[in-house]
A.B. asks: 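Structure in structure tokens, see below.
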Amino acid sequence: MTATTGTFDETDDAFMAAALALGRRNLGRTGPNPAVGALIVKDGVVIARGYTAVGGRPHAEAIAAAVAGEAARGATLYATLEPCSHHGATPPCVDTIIAAGISRVVSAIEDPDPRVAGRGHARLREAGIEVTVGVRAREARADHLGHILRVTQGRPMVTLKLAQTADGYAAGAEHDPRLFITGALADTVTHIERALHSAIMIGAGTAFVDDPLLTVRLPGLDAVKPLRVVLDAQLRLSRRSRLAATARETPTLVIAGDSVSDAAAAEFSAATAIEVARIRQEASGRLALPAALAELATRGVTRVFSEGGPRIAESLVLGALADDVVLHTGLRPLGRPGRLALSPAARARLEDASAYRLVDEAQFGADRMTRYERIG
């Protein structure tokens, strides 16, 4: 976690909280760039604000500086991440801040991107700007975790979502009808979670059994279309599935195994408008999850919402790849044999205080939500 440098007070804390809330407006839609929030404050009044635009540009600081204009001189900038110092598709934000005449910058955390990594703050200090770092650092790290993991580990952050009955089952026996575990309120929360991620991921089994749409179906969010990802080693996704039927309107990717031929992948894509990527397979024939996540990272994906079944859940938890785990527990038990939402090994890992911490609990109608955060 970023060490605190410089002094700050309750006012700084309040303004940073507001900047963090602002940055979340486009969370999941700014990749490959982080979803930053920025406020420019003068004489205790917010004179400008900005948050990273969809697609990652313009950056939050540049938007806020443009809104403030000459009024930015002598003001304080609050940014949820260290301002960039490298030339990319746009000029460095530190140049914009210096030119705007801002006299103080308060950052939540340092950016671990090797192209920045403290150089943004150093450039500001060299220009005579007072810099304070570390205000609400824990919250900022959580918001920017997808960016942090992408630039340090080459993978996006993963939120694992599971619904379970009161006795811990995700589904009935093999030929049982599909379970509807949670109610309307919990389902609405799931759509909100989808909207806050760059991609929604399932396995081939879930695609076959549930035939899901994996879209955000909330009023006013028709334009929010996270990438739909199916982990399908043998490229068996039905061409009559709802995913295939809607692939021309909503971006969809199948990650298949390297045993799938060029010809088969090309023919499938031509018939369905679904892109196919191929990655290495394990000796068992299953896809290597780290390789699948690395493939998504190369495409600019920073936040993945996993709605796959118990098998993917187990691999994510035991592989230390599930960064957030969201469990929705229904009111009623299954009361008979079925498929556990989490294997005993995965549940033990989730309940291990050295591996995960409980960070949130809520009641959505009759359903209980618990959220865990990976430690480390």
Side-chain angles (χ1 to χ4, degrees), residues 1-27 30 33-52 58-85 92-113 116-148 196 324 357-360 371 373 375:
M1 184 176 290
T2 299
T4 301
T5 60
T7 59
F8 68 95
D9 56 21
E10 292 181 357
T11 299
D12 290 332
D13 185 78
F15 281 128
M16 186 59 75
L20 285 163
L22 192 62
R24 295 181 192 118
R25 291 193 175 190
N26 277 339
L27 194 61
T30 64
N33 293 335
V36 175
L39 296 178
I40 296 179
V41 177
K42 194 170 188 178
D43 299 325
V45 177
V46 176
I47 60 172
R49 60 182 187 169
Y51 50 95
T52 309
H59 293 183
E61 302 95 325
I63 293 172
V67 172
E70 284 299 313
R73 295 201 172 275
T76 296
L77 168 73
Y78 293 87
T80 62
L81 186 68
E82 177 182 10
C84 66
S85 56
C93 285
V94 292
D95 289 357
T96 301
I97 293 166
I98 293 168
I102 287 169
S103 62
R104 181 174 181 242
V105 171
V106 181
S107 292
I109 55 173
E110 186 177 286
D111 188 347
D113 187 329
V116 186
R119 282 187 283 275
H121 291 146
R123 285 272 314 278
L124 294 171
R125 290 188 178 104
E126 289 167 4
I129 297 172
E130 180 187 347
V131 177
T132 297
V133 184
V135 181
R136 294 214 169 215
R138 188 176 184 277
E139 291 177 42
R141 187 182 186 279
D143 287 356
H144 295 306
L145 185 58
H147 166 71
I148 292 168
L196 296 173
D324 281 356
R357 65 169 66 92
L358 178 65
V359 293
D360 193 17
R371 181 185 292 269
E373 180 181 88
I375 296 173

A.B. asks: Is the shortest side-chain N to carboxylate O distance from R138 to E373 below 4.0 Å?
C.D. replies: yes
A.B. asks: Taking all non-hydrogen atoms of both residues, which atom of P92 and which atom of S85 are closest, and how far apart?
C.D. replies: CB-C, 3.7 Å
A.B. asks: So do the side chains of D95 and R123 get within less than 4.5 Å of each other, counting heavy atoms only?
C.D. replies: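 D95 vs R123: side chains touch.
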A.B. asks: In residues 105-112, what donor-acceptor pairs under 3.5 Å come from side-chain atoms, sequence neighbours left out?
C.D. replies:
{"from": "S107", "atom 1": "OG", "to": "H121", "atom 2": "NE2", "distance (Å)": "3.0"}
{"from": "D111", "atom 1": "OD1", "to": "D113", "atom 2": "N", "distance (Å)": "2.9"}
{"from": "D111", "atom 1": "OD1", "to": "H147", "atom 2": "NE2", "distance (Å)": "2.9"}

A.B. asks: Ignoring hydrogens, what is the shortest heavy-atom contact between R73 and A100? Give both atom names and the distance.
C.D. replies: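 Here R73 and A100 meet closest at CG-O, 3.4 Å.
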A.B. asks: Excluding sequence neighbours, so at least two apart, what forms side-chain hydrogen bond (donor to acceptor under 3.5 Å, both in side chains) with N33?
C.D. replies: none
A.B. asks: Of all heavy-atom pairs between P34 and T52, which one has the smallest distance, and what is that distance?
C.D. replies: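 Of all heavy-atom pairs spanning P34 and T52, the closest is O-OG1, 3.3 Å.
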A.B. asks: If every non-hydrogen atom of A60 is compared with every non-hydrogen atom of Y51, which pair is closest and at what distance?
C.D. replies: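 That closest heavy-atom pairing would be CB-CA, 3.6 Å.
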A.B. asks: If you round to the nearest 0.5 Å, how far is CD of E82 from NE2 of H144?
C.D. replies: 11.5 Å
A.B. asks: Check whether any side-chain N or O of T96 sits under 3.5 Å from a backbone N or O of A62 as a donor-acceptor pair, and report yes or no.
C.D. replies: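 The answer is no, because no donor-acceptor pair under 3.5 Å joins these two groups.
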A.B. asks: Between I148 and R141, what is the shortest heavy-atom contact and its length?
C.D. replies: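 Minimum heavy-atom contact is CD1-CG, 3.8 Å.
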A.B. asks: About how many Å separate CG of L77 and OG of S103, when rounded to the nearest 0.5 Å?
C.D. replies: 10.5 Å
A.B. asks: Check for a donor-acceptor pair, side chain of K42 on one end and backbone N or O of A71 on the other, with a separation under 3.5 Å.
C.D. replies: yes
A.B. asks: Would you say the side chain of L22 lies within less than 4.5 Å of the side chain of R25, judging by non-hydrogen atoms?
C.D. replies: yes
A.B. asks: Looking only at heavy atoms, which two atoms of A68 and I40 are closest? And how far apart?
C.D. replies: CB-CD1, 4.0 Å
A.B. asks: Side chains of T80 and D143: closer than 4.5 Å at any heavy-atom pair?
C.D. replies: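 Not touching, per the 4.5 Å side-chain cut-off.
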A.B. asks: For residues 12-21, tabulate all N or O donor-acceptor pairs below 3.5 Å that involve a side-chain atom, not counting sequence neighbours.
C.D. replies:
{"from": "D12", "atom 1": "OD1", "to": "Y78", "atom 2": "OH", "distance (Å)": "2.5"}
{"from": "D12", "atom 1": "OD1", "to": "R104", "atom 2": "NH1", "distance (Å)": "3.0"}
{"from": "D12", "atom 1": "OD2", "to": "D9", "atom 2": "N", "distance (Å)": "3.3"}
{"from": "D12", "atom 1": "OD2", "to": "R104", "atom 2": "NH2", "distance (Å)": "2.8"}
{"from": "D13", "atom 1": "OD1", "to": "R136", "atom 2": "NE", "distance (Å)": "3.2"}
{"from": "D13", "atom 1": "OD2", "to": "R136", "atom 2": "NE", "distance (Å)": "3.4"}
{"from": "D13", "atom 1": "OD2", "to": "R136", "atom 2": "NH2", "distance (Å)": "2.9"}

A.B. asks: Quick check on R119: does its CZ atom have over 12 non-hydrogen neighbours (other residues, nucleotides or ligands) under 6.0 Å away?
C.D. replies: yes
